[in-house]
**Student:** 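Just passing along the structure, written as structure tokens.
Whatever order the structure lists them in is the order used to number ligands and atoms, beginning at 1.
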Amino acid sequence: MVVLSSSPALKKSAIFSGVPEISLSEPGSDSLLVRACEDLGFFKVTDHGIPMELIAKLEEEALKFFASSESEKELFGRANPFGYGSKCIGSNGDVGWVEYLLMTVTSEPLSMAFLMQPSASSFRFALNEYILAVRKLACQILELMAQGLGIEQTDVLSKLVMDEESDSMLRLNHYPPCLMLREQNGFLTGFGEHTDPQIISLLRSNNTAGLEISLRDGSWVSVLPDQEAFFVNVGDSLQVLTNGKFRSVRHRVLANGWKSRLSMIYFAGPPPGERLAPLPEVMEEGEQSQYREFTWREYKSCAYKTLLGDNRLDLFHKRGDD
Ligand code: GA4
């Protein structure tokens, strides 16, 4: 069993009021998205078109799952990396005050044995509906980004996610309450600091704080929850595809022990064999790529050998060759 530190050392960061809020139904959202990706690598979208009932249904099913017994949850299969995990994140020793379900998402509906049980049919249904809706939203956002970057072929990014072989994932994270933390009025790492390796991640959480992002000066700020919006992170792959113009955002989650936090994150990734290199359309005349050439398969396999906080993209930076 993994024992987390009993003396919470973390302090909560100041609330940040500068998270860009972008309504997808307003004209001009494409350039606002681009600016947010350049400045913070993080923003939230409203008027996203995903019905609240669909989100609430998955939230209800997920909470039901996390409230079931450990032995029932383990029937999902232990995370390796896909499946049910508790306190251990990845395979290299990271721990956090979190339990989760990590699922690989293809163009086919989810069909793992656990979800095919008749008793799990409403969970499966809610997951599949949610995945369809959130993938569509990810593509809409990627198309707006391409448009904002002045790229004529606006599906240049979204087609990577729509590809039948796209390597995308869905993660449900549950940060349970914790009596000890509550008594000490402290905070524990729920999910340690990291950047997401994929193209973009769309996060929806319940109304519980905990998410923090790192600003350009390295300081940490706390993001106010908004259960009706989707928070979007630029991932490492999009940083590479834009030759560093967009910033892959470092983020973490702190658990406070009082209220359980539930988040559902869709990680939009490219197909394994996709070459990750700056899009010619974003390069100025004479501009050189900042990165060595690699495929998503190579990058992912390297990322999964690292610890959460490692700066894994540095290993692919041309500066690393000096
Ligand atoms: C971070 C983003 C996604 O949650 C994830 C994570 C993955 C895992 O939980 O297995 C990793 C982490 C994430 C990056 C570094 C490695 C792999 C845990 C870890 C220590 C599913 C992903 O794709 O990369």
**Student:** Not counting sequence neighbours, which residues clear side-chain hydrogen bond (donor to acceptor under 3.5 Å, both in side chains) with Ser214? List them please.
**Tutor:**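 Once residues adjacent in sequence are excluded, Ser214 has no partner under the side-chain hydrogen bond (donor to acceptor under 3.5 Å, both in side chains) criterion.
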**Student:** Are Glu99 and Tyr84 close enough that a side-chain donor and a side-chain acceptor fall under 3.5 Å?
**Tutor:**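 Yes, because at least one side-chain N or O of Glu99 sits under 3.5 Å from a partner of the opposite role on Tyr84.
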**Student:** Salt bridge (charged side-chain N to carboxylate O under 4.0 Å, His left out) for Arg35 and Glu38? Distances and angles first, verdict last.
**Tutor:** CA-CA 5 Å; Arg35 198 179 318 145; Glu38 290 169 345; over 6 Å; no
**Student:** Do we see a donor-acceptor contact under 3.5 Å between the side chains of Asn243 and Glu287?
**Tutor:**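 Side chains of Asn243 and Glu287: pair found under 3.5 Å.
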**Student:** Using a distance-only test with no angle check, is there a side-chain donor-acceptor pair under 3.5 angstrom linking Ser71 and Glu74?
**Tutor:**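 On atom types as modelled, these side chains do not qualify, holding no pair under 3.5 Å.
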**Student:** Starting from the C-alpha separation in whole Å, work towards a yes-or-no answer on side chain to side chain contact (heavy atoms under 4.5 Å, CB included) for Tyr130 and Ile55.
**Tutor:** CA-CA 7 Å; Tyr130 184 82; Ile55 298 172; 4.2 Å; yes
**Student:** How would you list, by chain and number, the residues with a heavy atom under 4.0 angstrom from ligand 1?
**Tutor:**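 Around ligand 1, where the cutoff is 4.0 Å for heavy atoms, the contacting residues are Pro81, Ile89, Gly90, Asp94, Leu102, Met169, Arg171, His194, Asp196, Pro197, Gln198, Phe267, Ala303, Tyr304, Thr306, Leu308, Arg312.
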